[in-house]
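To start, the structure under review is shown below, and the notes come after it.
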Number of protein chains: 2
Amino acid sequence: FEVPKVPEKDKNDPYANEPLRSPALIPSSSTPFNAEPPLSILVDNFLTPNDLFFVRNHLPVPIVDPKKYHLDITVQGKRKSVSFTLDDLKKKFPKKTVASVVQCAGNRRSEMVKVKAVKGLNWGAAALSNAEWSGASLDDVLKKAGIDLESLDMEHVQFDGMDMDPTGAPYGASIPMELARRLKKDIIIAYEMNGEEIPRDHGYPVRIIIPGIVGARQVKWLNKITISNEESSCHWQQKDYKGFHASIDWHNVDFSTVPAIMETPIQSAICEPANGSELEEGADEVTVKGYAWSGGGRGVVRVDLSLDGGKTWHSAELKPNNQPLYKSYAWTLWEATLPLPKDHKGKVEIICKAVDSSYNVQPDNVDGIWNLRGVLSNAWYRVQVKVP
Amino acid sequence: FEVPKVPEKDKNDPYANEPLRSPALIPSSSTPFNAEPPLSILVDNFLTPNDLFFVRNHLPVPIVDPKKYHLDITVQGKRKSVSFTLDDLKKKFPKKTVASVVQCAGNRRSEMVKVKAVKGLNWGAAALSNAEWSGASLDDVLKKAGIDLESLDMEHVQFDGMDMDPTGAPYGASIPMELARRLKKDIIIAYEMNGEEIPRDHGYPVRIIIPGIVGARQVKWLNKITISNEESSCHWQQKDYKGFHASIDWHNVDFSTVPAIMETPIQSAICEPANGSELEEGADEVTVKGYAWSGGGRGVVRVDLSLDGGKTWHSAELKPNNQPLYKSYAWTLWEATLPLPKDHKGKVEIICKAVDSSYNVQPDNVDGIWNLRGVLSNAWYRVQVKVP
Ligand SMILES: [Mo]
Ligand SMILES: [Mo]
């Protein structure tokens, strides 16, 4: 790793030092950079390749010198904080690995926009990816710092990044103590992504991986962990990434009335065939592929497909993700080959819906879950294909 | 407690020794006895009174002499089992208490029946209740028996009851080890319900309380705990209480293809006003009360109400259940007073839908979740009222 040199002319441009990115990524914004891969590539690999992993940046990508990196851990009200260098994290703790999905709260927002305008990036269905993350477990690191979450009477665990807004305030997030206690052995202070250094866009050199919860809390460029009685005061914790009903809009929203999104609901999408694509001439069947995933470590028990608007259903074949059903952080890729309806009249709508290990289901349509920020968009997924 | 004497003439009637029951309960079957309270009483008390708690029996209620009671704990493949008397359970372990909902998998089945016939008791929306359960924690008892679930390389924890079918086979159930590990401090070997001895209908003298999962696994009249590599072989674990899509019916069902229901999805219902009831003459508002609950310890973040078919929504006031949002086993009762639509034409439909801490939602309608056993019925709840 070499610390990039900033040309003199770009000194005032916070986005002058962005990393190189794969041209295959489809940007939804350039500063900050946000992009998703083509939907079809998601089903090509159980682990999404690093350069194709969707990117969700809230701020400019910071430049972090790995030699100077240290993670500070503090307990609110205690004077002493404990620091670990990157080398400490790599050498003083067992290396733990977990395959885990990161999903943006706004994944599939573009479907919600069709009901009524929302505020947010116009994500398709690929604002999530699955990778194998390696690092020290939060549990091990906290123990070494002399912190026992079970006995500590505090309410939140805060994470601060090194990415900063123009006022110098960092991106940050927190999770409730109950979640930290439940997950702590599975929370990874990660320094590797799919066996490589974490790319700059994904948090180089260290990010927190909190399996089963929304991407927004899995802070990249991790700078500081604070055990506190307060939630993170960060904008994205307090005034964003929350779910409201459809009659709350910007004129009457009170962000304090509902909790920040942590675990996310059951989700699935069809990655192949593409929406609007044409099947082979005279085709009498169609092979459908996609992903399914749920938050909270809930595995996928079923993916149902319909080619007739929900009158009849077929179960897809689920590819095992090799994680226990009740501690399932990776996604489940699935596939099915289905006979086309005989009365298709040249076009067919394919619907998928998934069920998680808590038998939670996706809602039938997006109207009932519309919300002003366009988050948590997980209605039945639909693609239209032409049958020549 | 006195062991009931069986009159000579009833010796061959397995249902001759059923307990006395409140006449307020509304039976859905008499042998075995199954009954729900009137829906409206659910919102009267955070803790459902013992005599009004819904009853779900699969078999005759056994007569258990508390002096002879003992709980046997076995690890598959080990010769020695460990036994605890009722007195042991009460005196050798700290008494733990948890407020937790028990819900039948078939709660609200009667709504599913309207789409297409299903097999099962015709439950309304009161096949669930909330009580405070006290007893020894499974964790403490297993530790005393020398068993550590973390290090034991086994897949399931089985529970056998003392209620038996005509062949002498007991009711039984099991939970996956991952769930047992996650929950173990919260699983209660209960000998008290709302501060009293557990009534015979609810498992006297001892039942297992596994917070956040379906009632069917929370075995009553608990006889035996077995740590095993096998799931319970019981009918209700293997060939019942599983969820399928709507195109699976009795001619094509293969119960081995999906996992047994454990955690259940987000649920809510309106308890007041009653469906079909009449509001006061000239009323211009309506007070609506109900419950919301989700499995897996997920608390309730929102209950949304609509009086215009889902076009506009109002949030109900949630009564705190005093449990953490991510470890919430009791239900959330709620209430709202809403203005009636001016164009009501003498009748109004009230809809409720709830959202849990994982932002899972209830599906819009029952068609998409219909299944042959009529379980997991959690579509938006609707009541029609007349406005004179
Ligand atoms: Mo996000
Ligand atoms: Mo049940």
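Residue numbering restarts at 1 for every chain, and letters A, B, ... go by the order of the sequence lines.
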> When only heavy atoms count and the cut-off is under 4.5 Å, which of residues 376-383 of chain B reach chain A?
Replying inline: B:Leu376, B:Trp380

> Can you tell which of A:Gly310, A:Gly296, A:Gly295, A:Pro259 has the highest number of heavy-atom pairs within less than 4.5 Å of chain B?
Replying inline: A:Pro259

>> Is A:Ile213 in contact with chain B via its backbone, its side chain, both, or neither, using a 4.5 Å heavy-atom distance?
In response: neither

> What part of B:Arg181 is in contact with chain A, defined as an atom under 4.5 angstrom from a non-hydrogen atom: side chain, backbone, both or neither?
Replying inline: neither

> So which of B:Gly368, B:Gly243, B:Pro324 has the largest heavy-atom pair count under 4.5 angstrom toward chain A?
Replying inline: B:Gly243

> Can you say whether A:Ser306 sits under 4.5 Å from chain B via the side chain, the backbone, both, or neither, judging by heavy atoms?
Replying inline: neither

>> Less than 4.5 Å to any heavy atom of chain B: does that hold for the side chain of A:Lys311, its backbone, both, or neither?
In response: backbone

> In Å and rounded to the nearest 0.5 Å, what is the CD to CD distance from A:Gln237 to A:Glu230?
Replying inline: 12.0 Å

> Looking just at side-chain N and O atoms, do B:Ser315 and A:His245 make a donor-acceptor pair shorter than 3.5 Å?
Replying inline: yes

> Under a 4.5 Å heavy-atom cutoff, which of A:Ile261, A:Val375, A:Asp364, A:Leu179 has the most pairs with chain B?
Replying inline: A:Asp364

> Checking B:Pro176 against chain A: side chain, backbone, both or neither under 4.5 Å from a heavy atom?
Replying inline: side chain

>> Does any backbone or side-chain atom of B:Asn365 lie under 4.5 Å from a heavy atom of chain A? Answer side chain, backbone, both or neither.
In response: both

> Is it the side chain or the backbone of A:Thr312 that comes within 4.5 Å of chain B heavy atoms, both, or neither?
Replying inline: both

> Going from CD on A:Glu111 to CZ on A:Arg109, what distance comes out if it is rounded to the nearest 0.5 angstrom?
Replying inline: 12.0 Å

> How about B:Gln158 and B:Glu231: do any of their side-chain heavy atoms sit closer than 4.5 Å?
Replying inline: no

> Is the closest basic N to carboxylate O distance between B:Lys242 and B:Asp240 below 4.0 Å?
Replying inline: no

>> Hydrogens and angles aside, do B:Ser358 and B:Asp356 bring a side-chain donor and acceptor to less than 3.5 Å of each other?
In response: no

> What part of A:Ala180 lies closer than 4.5 angstrom to a heavy atom of chain B: side chain, backbone, both or neither?
Replying inline: neither

> How about B:Thr257 and B:Asp254: does a side-chain donor come under 3.5 Å of a side-chain acceptor?
Replying inline: no

> Does one side chain, of B:Asn321 or B:Ser328, offer a donor that lies under 3.5 Å from an acceptor on the other?
Replying inline: yes

>> For B:Ser268 and B:Gln362, which I'm curious about, is there any donor-acceptor pair between the side chains at under 3.5 Å?
In response: yes

> Listed by chain and number, what are the ring pair (Phe, Tyr, Trp, His ring centres under 6.0 Å) partners of A:Tyr359, not counting sequence neighbours?
Replying inline: none

>> Shorter than 4.5 Å, heavy atoms on both sides: which option in A:Glu178, A:Lys327, A:Arg302 has the most such pairs with chain B?
In response: A:Arg302

> In terms of heavy-atom proximity below 4.5 Å to chain A, should B:Ile369 be classed as side chain, backbone, both, or neither?
Replying inline: side chain

> In Å, rounded to the nearest 0.5 Å, how long is the span from CG of B:Leu152 to CD1 of B:Ile227?
Replying inline: 6.5 Å

>> Are B:Val258 and B:Phe244 packed together at the side-chain level, in the sense that at least one heavy-atom pair is separated by less than 4.5 angstrom?
In response: yes

> Side chains of A:Glu335 and A:Val303: closer than 4.5 Å at any heavy-atom pair?
Replying inline: no

>> For chain B, which candidate among A:Leu325, A:Thr264, A:Val355, A:Asp367 shows the most heavy-atom pairs at distances under 4.5 Å?
In response: A:Thr264

